[in-house]
J.: 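Take this structure first; my questions come after.
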Amino acid sequence: MPQVLEMSAPTKDDRLTLIAISALACILQDVLHEGLGHGVTAWLSDARKVTMSTVALQSDIDTRWISANGTLVNLLFAAIFWVVLLRPQRYRPTTRYFLVLAMTGNFFTGTGYFFFSGVSNFGDWAAVIQGLQPHWAWQLGLVVLGVASYYASMLLVAVKLNPFRGQDGSRLRGLCWTPYFTDGILAGLGGLLNPAGLFYVIASALPSTLGANAGLLSLPSMMRKSGDRETQVGPVERSMPWIATAAVASLLFVFVLGRGLTWSR
């Protein structure tokens, strides 16, 4: 009697798919920040020429709203992803992981920028508070707001990641560290060809990516102390559609958007 060989279901998350989903979430966060946040605001503010790249938005006008709306759009979409995840059972593990990462990247970028600009007096929110007095008090306010809001965002992310933690939290390191290093590499490659020069890669792209996402490095240890036992999400299995989409999107991100796209009127 012939025997039927059954394929056992994967028990571990597929690393290549994790990288692909991480790349797509990173690209989405960057396009929302630079394009929808800064770019659309500049265009609606009657800018005559706008150049968008992976690291910066350059236009012929500069206002506080243009500077502020990058992070505000990130926070808005982080909240939207949070709402979408209120009923997570409808999504497959791959889609659910993407939504969690998209929420995480937007939360961390939005809140991390307050702290970054407050400490360095550089970047979007340094431009927002430029000329406001006493300047040291505004910088200090950004630092305090950044620390408080970033910690709050880590707590929110931990809630959505908890169903992925596994029996002993062993899954969390791969699920959190993979996007951290993927985003850092992609941000560095995406900035190499930008028209603003390598200064923005060193001063903006890498600090805003590696610094803003630093919470991903500490989430596994923070969540390992949690005793909450939710229904656990199954492994993120190998998905060629996610991998192929990420490959195409990453190439466009580095070689097209990385060189800068210009609109004029």
J.: Please report the shortest heavy-atom distance between Ser67 and Val128, naming the atom on each side.
T.: CB-CG2, 3.8 Å
J.: Parallel, tilted or perpendicular: which fits the ring planes of Trp177 and Phe181, with parallel below 30° and perpendicular above 60°?
T.: perpendicular
J.: Is it possible for you to say whether Tyr180 and Leu99 belong to one hydrophobic cluster, with membership spreading through side-chain heavy-atom contacts below 4.5 Å?
T.: yes
J.: Evaluate the side-chain contact (heavy atoms from CB on, under 4.5 Å) criterion for residues Val236 and Leu18: first the C-alpha distance (whole Å), next the side-chain angles of each, then the deciding distance (0.1 Å), finally the verdict.
T.: CA-CA 7 Å; Val236 176; Leu18 295 184; 3.9 Å; yes
J.: Restricting to non-hydrogen atoms, name the atom on Arg238 and the atom on Ile243 that form the minimum distance, rounded to 0.1 Å.
T.: CD-CD1, 3.4 Å
J.: Please report whether the ring centroid of Tyr150 lies less than 6.0 Å from that of Phe108.
T.: yes
J.: Could you grab the distance from atom SG of Cys176 to atom CZ of Arg165, nearest 0.5 Å is fine?
T.: 11.5 Å
J.: So, does Ser45 use its side chain to make a donor-acceptor pair with the main chain of Ala47 at under 3.5 Å?
T.: no
J.: What closest approach, in Å, do Gly123 and Ser117 show between heavy atoms, and which atom pair accounts for it?
T.: C-OG, 3.8 Å
J.: Would Trp125 and Phe114 count as a close aromatic pair, with their ring centres under 6.0 Å?
T.: yes
J.: When rounded to the nearest 0.5 angstrom, what is the spacing between CG in Asn74 and CZ in Phe107?
T.: 11.0 Å
J.: Can you confirm whether the side chains of Asp124 and His33 place a donor and an acceptor under 3.5 Å from each other?
T.: yes
J.: Counting only N and O atoms by type, is there a donor-acceptor contact under 3.5 Å from the side chain of Thr182 to the main-chain atoms of Thr178?
T.: yes
J.: Nearest 0.5 Å, please: how far is CG in Leu75 from CG in Leu32?
T.: 11.5 Å
J.: Any cation-pi pair here, Lys49 with Trp263, using under 6.0 Å and within 45°?
T.: no
J.: Hey, are the side chains of Val159 and Trp82 touching, using non-hydrogen atoms and a 4.5 Å cut-off?
T.: yes
J.: Val254 and Ile19: same hydrophobic cluster, using ILVMFWY side-chain contacts below 4.5 Å?
T.: no
J.: Do Val143 and Leu145 sit in the same hydrophobic cluster, where Ile, Leu, Val, Met, Phe, Trp and Tyr count as joined when their side-chain heavy atoms come under 4.5 Å apart?
T.: no
J.: Counting distance only, does the side-chain N/O of His38 pair as donor-acceptor with the main-chain N or O of Ile66 below 3.5 Å?
T.: yes
J.: What are the two closest heavy atoms between Leu101 and Pro179, and how far apart are they?
T.: CD2-CG, 3.8 Å
J.: More than 12 non-hydrogen atoms from neighbouring residues, nucleotides or ligands closer than 6.0 Å to CZ on Arg87, yes or no?
T.: no
J.: Where the side chain of Arg259 meets the backbone of Phe255, is there a donor-acceptor pair that is under 3.5 Å apart?
T.: yes
J.: Check whether NZ of the Lys or CZ of the Arg Arg48 lies under 6.0 Å from the centre of the six-membered ring of Trp43 and within 45 degrees of that ring's axis.
T.: no
J.: Mark yes when over 12 heavy atoms from residues, nucleotides or ligands other than Phe122 sit less than 6.0 Å from its CZ; otherwise mark no.
T.: yes
J.: Could you tell me the separation between the OG atom of Ser221 and the CG atom of Leu172, rounded to the nearest 0.5 Å?
T.: 9.5 Å
J.: Between Asp46 and Arg265, does the side-chain contact (heavy atoms from CB on, under 4.5 Å) criterion hold? Intermediate values first, please.
T.: CA-CA 9 Å; Asp46 292 328; Arg265 58 184 173 188; 3.9 Å; yes
J.: What I'd like to find out is whether the side chain of Leu257 reaches to under 4.5 Å of the side chain of Ser53, using heavy atoms alone.
T.: no
J.: Counting N and O atoms only, with roles assigned by atom type, does the side chain of Tyr97 sit under 3.5 Å from a partner on the main chain of Leu175, one being a donor and the other an acceptor?
T.: yes
J.: What distance separates Thr54 OG1 from Leu252 CG, expressed to the nearest 0.5 Å?
T.: 13.0 Å
J.: Where is the tightest heavy-atom contact between Leu186 and Cys26, given as atom of each residue plus distance?
T.: CD2-SG, 4.1 Å
J.: List the steps and the verdict of side-chain contact (heavy atoms from CB on, under 4.5 Å) for Met154 and Ser218.
T.: CA-CA 9 Å; Met154 287 185 67; Ser218 58; 3.3 Å; yes
J.: Within the distance-only criterion (no hydrogens, no angle test), does the side chain of Glu237 pair as donor or acceptor with the backbone N or O of Asp13 below 3.5 angstrom?
T.: no
J.: Evaluate Val100 against Thr104 for side-chain contact (heavy atoms from CB on, under 4.5 Å), listing each step before the verdict.
T.: CA-CA 6 Å; Val100 171; Thr104 302; 4.0 Å; yes
J.: For Gln29, which of Asn213, Thr109, Asp183, Thr209 qualifies under side-chain hydrogen bond (donor to acceptor under 3.5 Å, both in side chains)?
T.: Thr109
J.: Does the side chain of Thr41 pick up a donor-acceptor pair with the side chain of Asn69 at under 3.5 Å?
T.: yes
J.: Is any side-chain heavy atom of Leu155 closer than 4.5 Å to a side-chain heavy atom of Met222?
T.: yes
J.: For Phe81, does the CZ atom have more than 12 heavy-atom neighbours from other residues, nucleotides or ligands under 6.0 Å away?
T.: yes
J.: Give the minimum heavy-atom separation between Thr17 and Ser239, together with the two atoms involved.
T.: OG1-N, 3.1 Å
J.: Tell me whether Ile129 is reachable from Trp136 by hopping between hydrophobic residues (I, L, V, M, F, W, Y) whose side-chain heavy atoms are closer than 4.5 Å.
T.: no
J.: Does a side-chain heavy-atom distance below 4.5 Å link Leu189 with Leu192?
T.: yes
J.: Can you confirm whether or not the ring centre of Phe98 sits under 6.0 Å from the ring centre of Trp242?
T.: yes
J.: For the atom pair CG (Leu85) and CD1 (Ile80), what is the distance rounded to the nearest 0.5 Å?
T.: 12.0 Å
J.: Can you tell if the side chain of Leu72 reaches within under 4.5 Å of the side chain of Trp65, non-hydrogen atoms only?
T.: yes
J.: Side-chain heavy atoms nearer than 4.5 Å, only ILVMFWY residues, links allowed to pass through others: does that put Phe253 and Leu57 together?
T.: yes
J.: Is any side-chain heavy atom of Leu261 less than 4.5 Å from a side-chain heavy atom of Thr51?
T.: no
J.: Answer yes or no: is there a side-chain heavy-atom contact under 4.5 Å between Val50 and Thr262?
T.: no
J.: Given side chains that start at C-beta, do those of Asn121 and Gln139 come closer than 4.5 Å, heavy atoms only?
T.: yes
